[in-house]
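Okay, structure first, notes after.
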Amino acid sequence: MIAKVIVDVPASNVNRTFDYLVPEELKDTVKPGMRVAVPFGPRKLQGFVIELGEETSVQKLKKIIELLDPVPVLTEELLKLGKWVSDQTLCFLITAYQAMIPAALKASYQKEFRLVDGVGLADLPDGAREWFKHREYIPMEDLLKMSPTPLALFQKLVQKNSLEVIYRMSDKITKKKIKIVQRRGTEEERLQHIESLSKQAVKQKEILSFLHESESPVVLKDLLEMFDTTRSTVQALESKGFIEIAEKEIYRDPYGGREFKRTQPLLLTSQQEQSIQPVLAALEEKRHETILLHGVTGSGKTEIYLQSIDRAIQMGQEAIVLVPEISLTPQMVNRFKGRFGSRVAVLHSALSAGEKYDEWRKIQRKEVSVVVGARSAVFAPFENLGLIIIDEEHESSYKQEENPRYHARDVAVQRGEHHQCPVILGSATPSLESYARAQKGVYTLCELSDRVNKRELPSVSVVDMREELRAGNRSMFSGELFDKINDRLKRGEQSVLFLNRRGYSSFILCRDCGYVGECPHCDISLTYHKKQHLLKCHYCGHQEPMPSQCPMCESQYIRFFGTGTQKVEEELAKLLPHARVIRMDVDTTGRKGSHEKLLNQFGEGKADILLGTQMIAKGLDFPKVTLVGVLAADTMLHLPDFRASEKTFQLLTQVSGRAGRHELSGEVVVQTYTVGHYSIDLASGHDYHSFYETEMQIRREHKYPPYYYLTLISFSHTELLKAVDASEKSASYLQQKVSPGTIILGPVVSPIARIKDRYRYQVMIKYKNEPRLSDLISELLQHFQHEMDGNGLQISVDMNAQNIM
Ligand SMILES: Nc1ncnc2c1ncn2[C@@H]1O[C@H](COP(=O)(O)OP(=O)(O)OP(=O)(O)O)[C@@H](O)[C@H]1O
Ligand SMILES: [Zn+2]
Ligand SMILES: [Zn+2]
């Protein structure tokens, strides 16, 4: 039997299957979709079995070394889907498959040195000999940890044939085990054991009597706690042969020990009722249909999701729910666990690799029927999918910004077609792409124009911050916002203050000469971190101490600028010393569980003001929040990105949506320096439809998506001229080959001109229909293959660019 295997090397010359012989003893067990270890050149690599057969054109076949899975980790459907992802995004097959499985299943390879047979310690020079005195294998890592590293010496010895390099492959999987204790023998024997213990052994006696009564095993740790004793007591019983201590594998449950209050389906409003109909119909008829659910904030979209899932489960099917990483809050998880209990698995990046692996196995073993997760959960290995839901479908985080550069929305629709099941895209501010498709009839459009129980959307007032400045107000709070926060404090209600992080980092600036602290490796200003009194680069991690005087002119007047959340917090403390403030940003939510803790505190009324970045814009539903303040609405508007207006509109709508969701009505204050911009004005009027019309016109004029598709090719090199050269050659090559309607823009320098010492150039391709595009780009890549392999050129291709920075 022959296995066709994709091996774990992301390179173009290996981007195909290789044939291996299946050893006799594995013939009955090996299946497509399983991982295997195979010899590949001098190495042992992990690979995926794609297909089994009898024929091969290879003369001397190598054998599969080992089967790594008892059951396939990729289903037949996922194997096909991986091929599709690779075709669509122009990534290597192995990269697509790796993206579908949990990180714990990816192999790690270690380079190790060992003595060549026949070479003895005495043959080695000083500096190498000591290493091998007690060890046979020396991992390269260990050498690199030494300074200076003896690596060069080791490499010389490899050339001299004294040492050889081997590659060790290991799984990252760990299964968590706990110790359990159980009784032994018949009832009569156990009673004898208890009798036989001496009077002094009180604890032993108690424990043995307890175990005698208990039918199921007890967790050792619990037992010790219960009887307030140490391990030796139990070990004594074990060595007498009275009890047994065993190991048991358990799931790491990130939500373990937590109670989820069970909820019942709510009686749907008539708008909800209308919107759920197409979903239920498609479910019933086992038919694929993509439904765009456009519902204003607080219109009860989540309840529609829940009841649709319920129906799918009743039909014996499974459901995937995607939510943006940032709104995968405990509040969100509670809503699903509350309705479906332990039938829900949760997958998001805050889980450890082990926890993710355990949640994934619950899906694989069919122990759950719903998964709630971020982008990559779209690959959940369900085999009987009945429904896929993408909440906040406009979110840019659904597009992966590294290989494979897939969009979860496209993958969801692809899987929906395969399983003949409905896909729901939900949002208060659908992406222009999706709304346009709904307009064309490609998607079914359902709209929820009212909040549940006809609660009013909050009233929004836009404040011109330039006016404030002219009137002598230098603080970051307008008079109106300040008064309203104060009101809330007096009334015992809560406020949410939102500060957009993007485009608003706190950089340092010399007031005398205008010097700005920049990263020496990237063309971007350094961000000041107050706690450590350091300047950091957010692209490459470079850090340096905050200078006490200007490095250019030696002036003392060097300060940090920009309004970070820390600065807002400080100003609040000055202006409203009694207000209790919770700040949520990357700095305060770094530790595991801190996100949840802060939100709980706010929910329990332990603070008056929640101050935060993007991470508070979505999904929050707190009854006492009656004021939302947006400190600077226009920070994102000026980014060099054609989606800047759309993103601003979406963000403002989402943040405003946090106010007045329950009995108390809400107000929103939006501060801006760009008064009169349509995306701010229309967001404050809650007018999605006008925004859609306005923005579509602009996109048509400038030939941007959704009228045109957009592919971005980026070139980078440590030598400026090489990056320029590759991008120029590519642009002129494409120019000659593309069809007449297609537009090639560039090459131009990328908006961030240098990252990690690499110069960056880009070429943009705008097209309506370019069937040969993938082929053309593949030709380009082939042409530059040599330079990419050896000369440090990097070319990355984004077939459906969302981010053009
Ligand atoms: N049919 C219903 N009857 C009563 N209350 C409901 C009903 N449907 C939803 N709700 C409640 O209305 C509130 C808002 O609903 P939900 O959070 O689902 O809205 P949403 O559209 O998902 O909002 P957002 O887009 O802002 O996250 C919730 O507190 C929810 O429990
Ligand atoms: Zn200066
Ligand atoms: Zn940098």
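Each ligand, and each atom within it, is numbered from 1 in the order the structure gives. Because only heavy atoms are used, hydrogens play no part in the values below, and waters and symmetry mates are left out as well, while side chains stay in.
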Contact atoms of ligand 1, heavy-atom distance to Arg658 under 4.0 Å
26 (O)
Which segment of Thr297 sits under 4.0 Å of ligand 1 when only heavy atoms are counted:
both
Are Lys366 and Glu383 ion-paired here, with the side-chain N under 4.0 Å from a carboxylate O?
yes
Here the pair of heavy atoms bringing Ser342 nearest to Val368 is O-CG1, 3.6 Å
Compute the shortest N/O to N/O distance between Gly300 and ligand 1 and return yes if it is under 3.5 Å, no if not.
yes
Tell me whether ligand 1 is touched by Gly298 - counting only heavy atoms on the residue side and a distance under 4.0 Å.
yes
Any N/O pair Arg455/ligand 1 closer than 3.5 Å:
no
Just go through Glu273, Lys301, Gln272 and tell me whose heavy atom is the nearest to atom 25 (O) of ligand 1.
Lys301
Return yes if a side-chain donor-acceptor contact under 3.5 Å exists between Ser369 and Glu318, otherwise no.
no
Side chain, backbone, both or neither: Ser299 near ligand 1, heavy atoms under 4.0 Å:
both
His394/His294 aromatic ring centres below 6.0 Å
no
Apply the side-chain contact (heavy atoms from CB on, under 4.5 Å) test between Leu292 and each candidate in Thr444, Leu445, Val423; give the one that qualifies.
Leu445
Going by heavy atoms, is Arg451 under 4.0 Å from ligand 1?
no
Can you confirm whether the side chains of Ser679 and Glu646 place a donor and an acceptor under 3.5 Å from each other?
no
Could you report the tightest heavy-atom contact between Arg699 and Pro705, atom names first, then the distance?
NH1-O, 2.9 Å
Where ligand 1 meets Leu268 - atom numbers and elements under 4.0 angstrom, heavy-atom basis:
1 (N)
Check: Glu392 N/O within less than 3.5 Å of ligand 1 N/O:
no
Below 4.0 angstrom from a heavy atom of Leu267, which ligand 1 atoms are there? Numbered from 1 as shown, please.
1 (N), 2 (C), 3 (N)
Taking only residues two or more places apart in sequence or in another chain, which ones pass ring pair (Phe, Tyr, Trp, His ring centres under 6.0 Å) with Tyr406?
Phe379
Counting only heavy atoms, which portion of Arg335 has something under 4.0 Å from ligand 1: side chain, backbone, both, or neither?
side chain
